[in-house]
Amino acid sequence: HDPLGGYVPNQMKLEAAQANLLRINDIALACEEYGIRCSPPRGGGSHWKVSDASQRDILTIPQRRPIKPVYIRSFVRFVEAAMKSRNAKA
């Protein structure tokens with residue numbers, strides 16, 4: 001089952017996520033393609049912030065690499081929710 005509905009941005013392959021090989025740059029590129037805000041850490045922090053106007057929550061993802069699968073799953077759910085919300089409003 002492809003959680004992104006058949007579209008895998010920037011060669012972010014499911015195998016890479018399962019193999020724990022994604023980096024924060026992959027997340028940032030995916031955010032850019034989906035029009036989701038992805039802000040780098042500020043003030044000495046270590047977590048990137050992922051947000052979208054359609055979502056109440058802000059997802060935080062640690063900068064350390066590789067990104068743990070739990071954060072990848074959370075990111076996929078966040079993108080799915082944002083896309084569903086946008087499509088509902090269209």
Side-chain angles (χ1 to χ4, degrees):
H1 166 35
D2 182 354
L4 295 176
Y7 177 67
V8 183
N10 301 305
Q11 285 107 38
M12 182 170 68
K13 299 186 182 355
L14 187 57
E15 305 89 52
Q18 290 171 336
N20 200 20
L21 298 175
L22 290 179
R23 309 278 187 217
I24 196 64
N25 289 345
D26 298 315
I27 297 293
L29 288 171
C31 285
E32 186 177 325
E33 284 203 16
Y34 282 108
I36 293 174
R37 194 175 313 115
C38 185
S39 307
R42 292 187 285 164
S46 63
H47 285 65
W48 285 63
K49 293 174 189 66
V50 177
S51 60
D52 187 75
S54 71
Q55 301 300 300
R56 219 172 49 189
D57 295 332
I58 296 174
L59 179 65
T60 57
I61 301 176
Q63 185 166 301
R64 74 183 93 104
R65 344 171 195 170
I67 298 171
K68 292 183 179 182
V70 65
Y71 293 106
I72 301 301
R73 288 190 297 272
S74 294
F75 175 72
V76 169
R77 282 194 300 270
F78 186 90
V79 171
E80 287 175 334
M83 295 301 103
K84 184 176 180 181
S85 180
R86 289 179 189 177
N87 290 337
K89 291 178 183 178

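Heads up: numbering here begins at 1 and tracks the sequence. The structure presented is a predicted model; accordingly, all values stated were derived computationally and were not measured.
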Here the pair of heavy atoms bringing S85 nearest to Q55 is CB-NE2, 3.8 Å

Any chance you could measure I67, atom CD1, to I27, atom CD1, to the nearest 0.5 Å?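 Answer for the CD1-CD1 pair, I67 versus I27, is 4.5 Å.
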
Can you tell me how far the SG atom of C31 sits from the CD1 atom of I24, to the nearest 0.5 Å?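 C31 SG to I24 CD1: 8.0 Å, rounded to 0.5 Å.
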
Check step by step if side-chain contact (heavy atoms from CB on, under 4.5 Å) holds for F78 and I36. CA-CA 10 Å; F78 186 90; I36 293 174; 3.9 Å; yes

Donor-acceptor under 3.5 Å (S74 side chain, V70 main chain):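 Looks like yes, one N/O pair under 3.5 Å.
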
Please check if the side chain of N87 supplies one atom and the backbone of K84 the other of a donor-acceptor pair under 3.5 Å.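 It does not hold such a pair.
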
Test side-chain contact (heavy atoms from CB on, under 4.5 Å) on V76 and R73 and set out the steps. CA-CA 5 Å; V76 169; R73 288 190 297 272; 5.8 Å; no

Do any side-chain atoms of residues 39-53 form donor-acceptor pairs under 3.5 angstrom with protein atoms, and if so which ones, sequence neighbours left out?
| residue | atom | partner | partner atom | Å |
| --- | --- | --- | --- | --- |
| W48 | NE1 | Q63 | OE1 | 3.0 |
| S51 | OG | R37 | NH1 | 2.8 |
| D52 | OD1 | R86 | NH2 | 2.3 |
| D52 | OD2 | S54 | N | 3.0 |
| D52 | OD2 | S54 | OG | 2.4 |

